[in-house]
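Naming convention: chains lettered A, B, ... in sequence-line order (proteins, then strands); numbering from 1 in each chain.
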Protein chains: 2
Amino acid sequence: MSEFPPTPQSTDAVDHVSDETLRKLIGYQMKRTFNVLQADLTETLEPFGLRMLTYTALILIVDNPGLRQSQLAEAMDIERPNMVIVVDSLERRNLITRNTADYDRRANSLKATFAGRKLCEMANEAVKAHETRMLLGLDENARNRLIEALQIIEKSLAKKLTG
Amino acid sequence: MSEFPPTPQSTDAVDHVSDETLRKLIGYQMKRTFNVLQADLTETLEPFGLRMLTYTALILIVDNPGLRQSQLAEAMDIERPNMVIVVDSLERRNLITRNTADYDRRANSLKATFAGRKLCEMANEAVKAHETRMLLGLDENARNRLIEALQIIEKSLAKKLTG
DNA sequence: TATTGTTATACTCTATAACTATA
DNA sequence: TATAGTTATAGAGTATAACAATA
């Protein structure tokens, strides 16, 4: 009222955090996007007792009956030791069977059970809904270009690591 | 020679793993791409003794001198308890200072040191090179559309989680 | 010798509860 | 009472070395 307007306080408080420098980096944006994506997908799969890794493994076993753990690990790009507990958890729930392969007694032949295939189908529906929700702001073209761009980047970096 | 052509072996061995079902899912492709991206970025930052989290935190502190840990945690979308060790490691290397703020004695005011700013600049150069390497297969348009698409997805899902 | 699956182990990232000191 | 930072803790994901069984 009768006072002077408040003088700017002699603090160095930050009122708005600028992440301009970071926003320019694809890697940072990819991390942010992947984080919310993973959170939403985790929530989507929770009712089925599945996680991203177990869901992915289940699909691959359903689509490729008889594959070995090492093939599964390579396809999912995770280390064999880490595959063990993923397969453990699917087997424990009777979603897959894990039998010594007759063509190579070192290998485990993985196959989905009937229950495993049914659960996978149900989860697929939920995941489809999750993807639809996620891609709401993108038209068909934009979606295709996105997946293309991601594949190109994956190849660029995978090539670099190999060569 | 005089034998019949080899009869198909009665095994159920899988010679090629099909991930067709998965490739359709953006989430799966995003995970694959993010994984190679993160591996490459980790390697890129290793010479500077930085990781993705510490690098990101350092940039934000450089660009926003005086911000609090809680603001930093919110900007990076990680929990405050997890922020502590990130800031610890930056402070231990004298890349930042962590002082009680004069406007609120509960808060830590974070500022980059000269060494911190210099290291950040050098790391920025290396990360720029990493991004260039990564985006080799994409023209300017494709890069912009990619970052746009990622931002749209982030917003779609963040909105969903909030509302 | 090389490979498959396994165990043990360790490190990073993430998430929650509870404490302290300040507001 | 609410918030900022902290501690302790636990769960996932990821990575490597080493072993037994098998090829």
Side-chain angles (χ1 to χ4, degrees), chain A residues 9 11 13-14 17 31-32 34-43 45-46 49-57 66-91 96-110 161, chain B residues 9 11 13-14 31-32 34-43 45-46 49-57 66-92 96-110 161:
Chain A
Q9 299 189 9
T11 73
V14 171
V17 177
K31 178 177 166 58
R32 295 186 68 93
F34 179 67
N35 277 356
V36 293
L37 188 160
Q38 189 171 40
D40 194 273
L41 186 56
T42 300
E43 204 179 309
L45 290 172
E46 200 275 334
L50 294 171
R51 305 188 57 77
M52 205 164 176
L53 280 179
T54 47
Y55 170 67
T56 306
L67 90 170
R68 330 172 155 208
Q69 278 183 214
S70 52
Q71 291 179 306
L72 184 55
E74 195 191 356
M76 288 177 60
D77 199 24
I78 72 173
E79 300 299 320
R80 269 167 294 257
N82 299 326
M83 194 76 257
V84 176
I85 59 167
V86 173
V87 171
D88 278 351
S89 99
L90 291 174
E91 188 190 28
I96 63 162
T97 58
R98 169 156 62 173
N99 296 313
T100 300
D102 30 335
Y103 55 85
D104 185 340
R105 300 193 50 234
R106 293 172 304 181
N108 281 343
S109 174
L110 305 176
L161 290 175
Chain B
Q9 299 187 11
T11 73
V14 170
K31 180 177 165 57
R32 295 186 68 94
F34 179 67
N35 278 355
V36 292
L37 188 159
Q38 190 171 40
D40 193 272
L41 186 56
T42 300
E43 203 179 310
L45 291 172
E46 201 275 333
L50 294 172
R51 305 188 55 78
M52 204 164 179
L53 280 179
T54 47
Y55 170 68
T56 306
L67 90 170
R68 332 173 154 207
Q69 278 183 216
S70 52
Q71 291 178 307
L72 184 55
E74 196 190 356
M76 289 177 60
D77 199 26
I78 72 173
E79 299 300 320
R80 268 167 296 256
N82 299 325
M83 195 76 255
V84 177
I85 57 165
V86 173
V87 172
D88 277 351
S89 99
L90 290 175
E91 189 191 26
R92 202 178 314 118
I96 64 163
T97 57
R98 169 157 62 173
N99 296 312
T100 300
D102 29 335
Y103 55 85
D104 185 340
R105 302 194 46 237
R106 294 172 302 182
N108 282 342
S109 174
L110 305 176
L161 291 175

For this session: Drop me the distance from Asn108(A)'s CG to Leu72(A)'s CG, to the nearest 0.5 angstrom.
Result: 11.0 Å
Exercise. Can you tell me how far OG of Ser109(B) sits from CG of Asp102(B), rounded to the nearest 0.5 angstrom?
Worked result: 7.5 Å
For this session: Working to the nearest 0.5 Å, report the span between OH of Tyr103(A) and CZ of Arg68(A).
Result: 4.5 Å
For this session: Round to a whole Å and report the spacing from CG of Asn82(A) to P of dC13(C).
Result: 16 Å
Exercise. Between Gln69(B) and dT6(D), is there a side-chain N or O to OP1/OP2 distance below 4.0 Å?
Worked result: yes
Exercise. Would you say the side-chain atoms of Gln69(A) pair up with the backbone N or O of Ala107(A), donor to acceptor, closer than 3.5 Å?
Worked result: no
Problem set entry | Value in whole Å for how far the C1' atom of dG5(C) lies from CG of Leu67(A) | 14 Å
Exercise. Quick one: the side chain of Arg106(A) and the base of dT3(C), do they pair up donor-acceptor inside 3.5 Å?
Worked result: yes
Exercise. Within this structure, what is the CG-to-P distance between Asp77(B) and dT14(C), rounded to whole angstrom?
Worked result: 9 Å
For this session: Can you tell me the distance, in whole Å, between the CZ atom of Phe34(B) and the C1' atom of dG13(D)?
Result: 12 Å
Exercise. Hey, which of these two, Ile85(A) or Ala101(A), hits DNA chain D nearer its 5' end, going by closest nucleotide?
Worked result: Ile85(A)
Exercise. Between dG5(C) atom P and Glu79(A) atom CD, what is the distance in whole Å?
Worked result: 14 Å
Exercise. Are OP1 or OP2 of dT4(C) and a side-chain N or O of Arg68(A) less than 4.0 angstrom apart?
Worked result: yes
Exercise. Side-chain N or O of Arg80(B) less than 4.0 angstrom from OP1 or OP2 on dT16(C)?
Worked result: no
Exercise. If each of Asp104(B) and Asn35(A) is mapped to the nucleotide of DNA chain C with the nearest heavy atom, which maps nearer the 5' terminus, i.e. the 5' end?
Worked result: Asn35(A)
Exercise. Does Arg98(A) make a side-chain N or O approach to OP1 or OP2 of dT6(C) shorter than 4.0 Å?
Worked result: yes
Problem set entry | Out of dA12(D), dT14(C), dT22(D), whichever nucleotide has its closest atom nearest the side chain of Arg105(A) | dT22(D)
Exercise. Please give, in whole Å, the distance from dA4(D) P to Glu74(B) CD?
Worked result: 9 Å
For this session: Kindly say if Asn108(B) contacts the phosphate of dT6(D), meaning a side-chain N or O under 4.0 Å from OP1 or OP2.
Result: yes
Exercise. With distance as the sole test, does Gln71(B) use its side chain to make a donor-acceptor pair with the main-chain N or O of Val14(A) at under 3.5 Å?
Worked result: yes
For this session: Provide, to the nearest angstrom, the distance between the CG atom belonging to Leu72(A) and the C1' atom belonging to dT3(C).
Result: 17 Å
For this session: Could you state the atom-to-atom distance from CG of Asp88(A) to P of dA8(C) in whole Å?
Result: 12 Å
For this session: Tell me whether the OP1 or OP2 atom of dG5(C) has a side-chain N or O from Ser70(A) closer than 4.0 Å.
Result: yes
